[in-house]
Amino acid sequence: MDFSKISAVILVKNAQATLQECLRSIQCFDEIILLDNQSNDDTLKIALSFKESFPNLHIHTSEFIGFGALKNLVISYAKNDWILLIDADEVLEQDFLNELREMQLAKENILALPRKNLYKGEWIKACWYPDYVLRVFDKTFTHFNDNAVHESLILSPNTKVIKVRKGLKHYAYDSIYGLLEKMQKYSNLWAQQNLHRKSSMGSACVRSVWKFFRDYFLKKGFLYGYKGFVISLCNALGVFFKYAKLYELTHKIPTCSLIITTYNSKDSLRCVLESVKNLDYLPIEVLIADDGSTEDTAQLIGEYQKAFPCPLLHIWQEDAGFRLNTIRNKAINAASGEYIILIDGDMVLESHFIKDHLDFAKHKVFLQGSRVILDKQTSEKAIRGGQNEKLSHHFKSKRCALLSSLIYKTSKVQANIFDKSELIKGVRGCNMSFFKQDWQALNGFNENFKSWGREDSEFVARFLFNGGELRRLKFKGIAYHLYHQENNKANLSQNHQMYLQTLKNKTIQWNPQ
């Protein structure tokens, strides 16, 4: 093949140790395009010095935009269609150049070059071996994908990959530090690039153990003494941290605000606040949404504010009748957490309550928690200060990861439920959670409800009409409901009509009447 029709392209960053040898090995080609990725050593000085004897070296610079995008960018600067891509720590072997000169390539051909990976100057013919890399191609036929890391040429069905006998010498690493540094960089990029994938710490461990076993034993890393062991171990760590970092990125715990609604029930509220103090995982703040309680409730909250384990805020409005949704909206507006957990002021929390909710938190999911109803005697004992970690031995009060996960996965409710039923059973505002962003999309709770009944169901209906779903949390996120007289249901029929109007119109955002 005529070398005057090939452009050699190279990405560089802090390559002062190997760049000179690399450039010499490719100076037989028509031009060299060098793209520098913000080097801060003598890389550019070496390149400019080389340009004095090789004028067809063209130097460009770019910030890091991902390896795939960088390679497409450097290729775009080349005047020739045929491209030879090389890294700054690689050197073309003369035998390959001789082989290439004798070849006649079709447009759909791509050359795969074998690469000799060196660690501290020694060719490690194990672990990475064999290592073929696609490096000679026609840019009008193919290009790189946009992956930030582990980028690759896009291969069409008529692509013909040709493996050549000789290829590259690769100064892979010269120290353990270099291995670890690259492992950290590449695992970060890979995790950011693969947020659409699922991961778990278990899979990270299994994959990394298999990687070590394969590289050290099956690929004969053990034949190279400590170097083979170090390479195999670092390769395995790279796999572990890729999936572990992905797990962390896709399982980020959102900041959480706990909102407690109350109205002139300071004894119950005291009991609830005591349970909050005993939580294993605390919210970033607790907000008391007070629908007009008298001064004794404010005094109680003031006492707790002096030594509460997290900020305790009192959001109060004047007593003007039942305005539960109004005070809920005020409290949520004042909340700084990304995730909202909303409970009534008579719900005593089990110590894992907050973390259990957060473990199941997802955007566009309304999480309906369950309650364990206490009898009058147990409730009075708890209010007197006799509460224990477990206030009930009922089956519903038992924490079980398997059952909670199973119920969560099988309890999905979407808007199409209203094609069969006008009411979703078991919707209760005493224990529920959702992302604040999803609440904002609905304009909050419907403040047209001026009495008890259907105010929670109406909110859930609008949540579902907005493309959300309801899921149930049971056997985790346990809250004990203190005994009290039932709420006044005198206006339930009127509220139900408001609810039905929401269903009829498939309302998402409510409007004041």
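Only a predicted model underlies this, so the values are computations on that prediction, with no experimental measurement involved.
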Heavy-atom donor-acceptor pair, D36 side chain to Q38 backbone, under 3.5 Å: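 Flag set: sc D36 to bb Q38 pair under 3.5 Å.
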Heavy-atom donor-acceptor pair, W190 side chain to V149 backbone, under 3.5 Å: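 Looks like no, no N/O pair under 3.5 Å.
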When you compare the side chain of [Y] with that of [X], does any pair of heavy atoms fall below 4.5 Å?
| X | Y | result |
| --- | --- | --- |
| L464 | L470 | yes |
| D438 | K364 | yes |
| Y483 | D346 | no |
| L358 | Y281 | yes |

NZ/NE/NH1/NH2 to OD/OE distance under 4.0 Å, [X] and [Y]:
| X | Y | answer |
| --- | --- | --- |
| D356 | R399 | yes |
| D456 | R328 | yes |
| E151 | K71 | yes |

Angle class for the [X]/[Y] ring planes (parallel below 30°, perpendicular above 60°, tilted otherwise)?
| X | Y | value |
| --- | --- | --- |
| F229 | F212 | perpendicular |
| H150 | Y186 | tilted |
| H251 | Y247 | parallel |

Minimum heavy-atom distance I327-I315, with the two atoms named: CD1-O, 3.5 Å
Exercise: identify the closest heavy-atom pair between R323 and E318: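 Scanning both residues, the minimum pair turns out to be NH2-O, 2.5 Å.
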Pairs flagged by side-chain hydrogen bond (donor to acceptor under 3.5 Å, both in side chains) wherever residues 496-509 is involved - sequence neighbours left out: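 Matches after skipping sequence neighbours: E422-H496, R454-H496, E458-T502.
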Pairs meeting criterion side-chain hydrogen bond (donor to acceptor under 3.5 Å, both in side chains) with involvement of residues 297-313, two or more places apart: E274-Y304
Without placing hydrogens or testing angles, list every side-chain donor-acceptor pair under 3.5 Å for residues 177-184, not counting sequence neighbours.
{"residue": "Q184", "atom": "OE1", "partner": "K245", "partner atom": "NZ", "Å": "2.6"}

Quiz item: cation-pi between K381 and Y480, 6.0 Å / 45°: no
Residue among F360, Y408, F366 satisfying side chain to side chain contact (heavy atoms under 4.5 Å, CB included) with R471: Y408
Result of checking I259, L313, I260 against V286 for side chain to side chain contact (heavy atoms under 4.5 Å, CB included):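 For V286, the side chain to side chain contact (heavy atoms under 4.5 Å, CB included) check succeeds only for I260.
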T378 and D375: CA distance, side-chain angles, deciding distance, side-chain hydrogen bond (donor to acceptor under 3.5 Å, both in side chains) verdict: CA-CA 6 Å; T378 304; D375 58 32; 2.7 Å; yes
Close aromatic pair by centroid cut-off 6.0 Å: F434 and Y339: no
Centroid-centroid under 6.0 Å between F395 and F475 rings: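 Yes, the ring centres sit under 6.0 Å apart.
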